[in-house]
2 protein chains.
Amino acid sequence: MPLPPSRRAASIADVARLAGVSAQTVSRVSNGGARVSADTRARVVEAMDRLGYMPNHAARALRSGAFRTIGLLAHRFERTGEAQTMSGVIDAARAEGYTVTVVDVTATEDPSGWEAAASRLTQQAVDGLIVIRAEHETPDSLTLPRGMPVVVSDSRLVGQYTAVVADQIEGTTDAVRHLLDLGHRAIHHISGPDDSEPALARADAWRQTLLAAGVAPPTAWTGDWSARSGYELGRRIAEQGEATAVFCANDETAFGLIRALHERGLRVPQDVSVVGFDDIGLAEYSSPPLTTVRQPFQRIGHELVRLVLARLAGGEAPARERVVVPCELIVRETTAPPRS
Amino acid sequence: MPLPPSRRAASIADVARLAGVSAQTVSRVSNGGARVSADTRARVVEAMDRLGYMPNHAARALRSGAFRTIGLLAHRFERTGEAQTMSGVIDAARAEGYTVTVVDVTATEDPSGWEAAASRLTQQAVDGLIVIRAEHETPDSLTLPRGMPVVVSDSRLVGQYTAVVADQIEGTTDAVRHLLDLGHRAIHHISGPDDSEPALARADAWRQTLLAAGVAPPTAWTGDWSARSGYELGRRIAEQGEATAVFCANDETAFGLIRALHERGLRVPQDVSVVGFDDIGLAEYSSPPLTTVRQPFQRIGHELVRLVLARLAGGEAPARERVVVPCELIVRETTAPPRS
DNA sequence: GTGAAAGCGCTAACAG
DNA sequence: CTGTTAGCGCTTTCAC
């Protein structure tokens, strides 16, 4: 049951009538306004003001076939990464005169939720789509409309679509080398979940870096990005008592780990060094301040938008690009040389 | 320069042609489909599938005068409160078949940014508007279109518009009483910025609660919600050495405070008790776990949507409502009786 | 420099 | 149960 077309705003026709010109002329004034005499323009502008004219977007979109809107598919954006990337996207979109429409899939944990969200979005008025973290998605379970520009970040869809990703490998390598340089050899890892592409990339880079240094990597502890998993695994790590340093897949996990360590009477960094990943706002204010790898979320958001718009303008789909933006190791106070 | 109407999707006319029926019939099938014979419907559905028909939203909106979209005005939604409220909004909107379009004003710190954002939004295709935290805004600096339903949360606009707010007073009172019950008398407060309505409400409730208990409230320390301000003020509080407990206006601030306290060799909660506000995800995993007041952000988001849609459906603006949702004190381990 | 006409895709209203 | 007609507000021709 569609809502009644309540309180209609003034239309071009109304303005035209009041100004005593054709609708055509009003339209011309409304868009840049080339080829209109100063006098006519003045009358039109005056009429617009009086009537409080606002162009009707639906009509514009219907006519031009473009909505000037980008769809954003994400989940759990109360998390730093998602939230900041989104912030970057919205920011960049605005700069280009585009609006962002968000669809969350948090509530629906079952995989079909994603598909539903995607199709809902395609039914929505969007010109292009940005997908952030579609972790539970396999490339073909996500049916997107043919021809719609799609750009993804940090997900299993990388490879399928044009993507923007942080340089996980570089970031991880820097972090692990930092620990190695400090003299650590028993460098453990709390990973993200197995079905996450970036989690896998980080775990892999951690392993490779140790191997390259001639250190046998221990088995990684599998977490799920949450502080809770960091805490639980942290208790087991403390119990096992083998690690002198732990590289965590993200900062939340590191926070949980640190709490577990503290509860067991282990000091950070004197007894155990800890490194996180992301550099969330609070990282600098944990006690002690967390050494971590900063991801350029804002920048990723900007790139994402740049690429969708490029696709939109280009018409033709350029080969699947893959933009890699660098990470940065931020050394704070949770890392120190091992004891003895 | 409008983009070319690229890759047109199948329209109702196309489907009608293929199915050998009128456009009208297709439309009927497309919407619920009452009064269509099973046979005809089957043919239409078949044709829709073959053509991959998707209704054109712009046309629908133009026709019906409604976009089924809610605009969301916010800033800094990498913060927990904003992010979670937004999540609740999107969630509830989806349940009602509405889409959410977001406008951020983070980048533009100057007050005019808000107005620009609002007007941009009203030019957008939205049926109603939800404003989250318009702290820098005064009631009349925000010009919104007449007749558009607006619902606000936690801002100075409360009073001007229909609003949904957390019960700051109850939450604060519970927190301060908890400290009082523990035996504290020197209960300090790190507030939010002066231009924030909820910050003021919390500071005031803190003062009133102390007064009611016959305790003279010290001067509040004015923070700005950030962990950094908690840290800096925390150093001064530690230096002054007077407080046995600190009630922080939010959790970030509490994190900063705790770090400052630790750096000065003060233990939490043995030397100083700390209470936060919000219950962000990490609160449970600070070391030690943070006692705090949980705000029902998701719920606020839901209420916000409920109210906008009610306004939308009602047509007439019901008197400015004001929905208050309760907070909850979560006692963890940063609070304990003061030392002798 | 200005106006007239036509149509984007959809649906409400009215036949039949 | 189905088809025809008309028009939402805008902009792209094409005339003048």
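Thr80(B) is linked by a side chain to side chain donor-acceptor pair (under 3.5 Å) to nothing, counting only residues two or more places apart in sequence or in another chain. Take Gln84(B) and apply the side chain to side chain donor-acceptor pair (under 3.5 Å) test, not counting sequence neighbours, and it matches no residue. Arg17(A) meets the side chain to side chain donor-acceptor pair (under 3.5 Å) test with no other residue; sequence neighbours excluded. Evaluation of the side-chain contact (heavy atoms from CB on, under 4.5 Å) rule for Arg43(B) yields Val21(B), Asp39(B) as partners, not counting sequence neighbours. With sequence neighbours excluded, the residues forming a side-chain contact (heavy atoms from CB on, under 4.5 Å) with Ala61(B) are Ala58(A), Phe67(B), listed by chain and number.
The phosphate of dC1(D) has neither OP1 nor OP2 within less than 4.0 Å of any side-chain N or O from Thr25(B). Contact annotation: Ser27(A) does not reach the phosphate of dC10(D) (side-chain N/O to OP1 or OP2, under 4.0 Å). Remark: Ser64(B) is not in phosphate contact with dC8(D), judged by side-chain N or O atoms under 4.0 Å from OP1 or OP2. Phosphate contact (OP1/OP2 of dT2(C), side-chain N/O of Ser37(A), threshold under 4.0 Å): present. The shortest distance between the side-chain N/O atoms of Arg60(A) and the OP1/OP2 oxygens of dT11(D) is below 4.0 Å. Here Thr40(B) does not reach the OP1 or OP2 of dC1(D): none of its side-chain N or O atoms lies under 4.0 Å away.
If you take CG of Asn56(B) and C1' of dG7(C), they are 13 Å apart, rounded to a whole angstrom. Protein atom CZ of Arg17(B) is 12 Å distant from nucleotide atom C1' of dG9(C), rounded to whole Å. Taking atom CZ of Phe67(A) as the reference point, atom P of dC8(C) lies 15 Å away to the nearest angstrom. In this structure, Leu62(A) atom CG and dG7(D) atom P are separated by 17 Å, rounded to whole Å. Summarising the geometry, the separation between CG on Asp39(B) and P on dC1(D) is reported as 12 Å, rounded to the nearest angstrom. For Leu51(B) and dG9(C), the CG to C1' distance is 14 Å, given to the nearest whole Å.
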Full working for side-chain contact (heavy atoms from CB on, under 4.5 Å) between Arg41(A) and Thr25(A): CA-CA 8 Å; Arg41(A) 162 182 287 105; Thr25(A) 306; over 6 Å; no
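Listed nucleotides dT11(D), dT2(D), dC8(D) differ in distance to Val36(B); the shortest reach to its side chain belongs to dT2(D). The nucleotide whose nearest atom lies closest to any side-chain atom of Arg63(A) is, among dG7(C), dG3(D), dG9(C), dG7(C).
A donor-acceptor contact under 3.5 angstrom links the side-chain atoms of Arg28(A) to the base of dG3(C).
Only one option out of Thr99(B), Thr101(B), Thr69(B) pairs with Thr101(A) in a side chain to side chain donor-acceptor pair (under 3.5 Å); it is Thr101(B).
Each end of the helix from dG1(C)-dC16(D) to dG16(C)-dC1(D) gets its own axis from five base pairs, and the two axes differ in direction by 40°, given to 10 degrees.
Nucleotides of DNA chain D nearest to Ala38(B) and Gln24(A) differ in position, and the one nearer the 5' end is that of Ala38(B).
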